[in-house]
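Have a look at the structure below before the remarks.
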Amino acid sequence: LRHYTPDSSSPKSVPSTVLTMTEDETGRLWIGSFTNGYGWLGTQTGEYHRAAFSYGKSQSVFDLRMGKGGNLWVGTLGNGLQRFNIMTGKMKEYKTDNSGRSKTNCLGNDFIMQMETDSEGRYLFVGTTTGLSCLDLRTGRWDNVLGTNQLLKGSAIRAIRYRKDM
């Protein structure tokens with residue numbers, strides 16, 4: 001067990017407020033933080049490498065999930081959902097549609113608190129501050145149930161657990 005301590009004088013230091021962590025297939029430890037976005041920690045060197053992308057209006061990363069094909073799912077508090085492919089460096093953003101049109105194929109809310117995939121890796125369940133959204137990873141579409149893209153509307157979803165046997 002190794003302990004990493006934030007050092008404000010070093011740009012390669014781990015963030016001071018860590019909210020989430022996940023490990024990729026190469027053994028890199030990805031870290032999401034409250035004020036410093038996300039990046040990965042070289043566990044052998046102890047150096048932190050902040051991901052370089054446009055953080056928009058929020059640098060808070062509340063949840064990270066490793067998916068199939070090297071996809072790292074990044075849940076931000078205010079900047080929606082991002083899929084970052086760690087092998088290619090390509091980024092795709094998913095945000096709510098604030099145009100006033102029907103919200104049927106978009107993320108229900110840009111304030112993400114928790115994510116979970118099903119055991120087959122087909123669905124990504126996204127808990128937001130206003131409900132639960134579900135992305136079909138095969139089609140790239142947000143599931144529309146009962147005419148809405150968000151279940152449990154009005155409820156902050158702070159935890160999600162998927163069980164195949166239910």
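Count residues from 1 along the sequence.
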Connected via hydrophobic side-chain network under 4.5 Å: L64 and M66
yes
Quick check: do L137 and Y123 have side-chain heavy atoms less than 4.5 Å from each other?
no
Given the rule in the side-chain contact (heavy atoms from CB on, under 4.5 Å) test, do V18 and Y38 qualify, once you have shown the distances and angles that lead to the verdict?
CA-CA 9 Å; V18 174; Y38 74 98; over 6 Å; no
Are side-chain heavy atoms of F111 and T128 found at a separation under 4.5 Å?
no
ILVMFWY cluster, V74 and V14 together (side-chain gap under 4.5 Å)
no
Separation between CG of D136 and SG of C134, rounded to the nearest 0.5 Å
7.0 Å
Any heavy-atom pair between the side chains of K12 and H49 that's under 4.5 Å?
yes
Note, R122 side chain near K68 side chain (heavy atom, < 4.5 Å):
no
For residues I86 and W30, report the shortest heavy-atom separation together with the two atoms involved.
CG2-CZ2, 3.3 Å
Are R65 and W73 in a cation-pi setup, meaning NZ or CZ lies under 6.0 angstrom from the ring centre and within 45 degrees of the ring axis?
no
Other residues, nucleotides, ligands: >12 heavy atoms within 6.0 Å of M21 CE
no
Of all heavy-atom pairs between L81 and W142, which one has the smallest distance, and what is that distance?
CD2-CH2, 3.8 Å
Consider only side-chain heavy atoms of I, L, V, M, F, W and Y, link residues closer than 4.5 Å, and tell whether L72 and V61 are in one cluster.
yes
Could you give me the CA-CA distance, side-chain angles and deciding distance for D24 and R28, then say whether salt bridge (charged side-chain N to carboxylate O under 4.0 Å, His left out) is met?
CA-CA 6 Å; D24 69 21; R28 284 187 293 192; 3.1 Å; yes
Side-chain contact test, heavy atoms from C-beta onward, threshold under 4.5 Å: evaluate it for W40 versus Y48 and give yes or no.
no
Flag if over 12 foreign heavy atoms under 6.0 Å of CD, Q44
no
Sub-3.5 Å donor-acceptor pair from the side chain of S60 to the main-chain atoms of L77, do we have one?
no
N79 side chain reached by K95 side chain, heavy atoms, under 4.5 Å:
yes
For L132 and I160 the tightest heavy-atom approach is CD1-CD1, 3.7 Å
Determine whether more than 12 heavy atoms belonging to other residues, nucleotides or ligands lie under 6.0 Å from atom CZ of F34.
no
Taking all non-hydrogen atoms of both residues, which atom of S13 and which atom of T5 are closest, and how far apart?
OG-O, 3.6 Å
Regarding K92 and N85, is there a side-chain donor-to-acceptor distance under 3.5 Å anywhere?
no
Do I157 and F125 belong together in a cluster built from hydrophobic side chains that touch within less than 4.5 Å?
yes
Would a distance-only check, ignoring hydrogens and angles, find a side-chain to backbone donor-acceptor pair under 3.5 Å from T76 to G80?
yes
Does the side chain of D63 come within less than 4.5 Å of M115's, by heavy atoms?
yes
Going by atom types alone, do N109 and T130 pair a side-chain donor with an acceptor below 3.5 Å?
yes
Indicate the atoms forming the closest heavy-atom contact of N36 with S33, along with that distance.
N-OG, 2.9 Å
Between Y94 and D110, which heavy-atom pair has the shortest distance, and what is it?
O-OD1, 4.4 Å
As a test of understanding, state which of L19, T20, I112 forms a side chain to side chain contact (heavy atoms under 4.5 Å, CB included) with F62.
L19
Using the rule that two of Ile, Leu, Val, Met, Phe, Trp, Tyr join whenever any of their side-chain heavy atoms come within less than 4.5 Å, decide whether V126 and M113 are in one cluster.
no
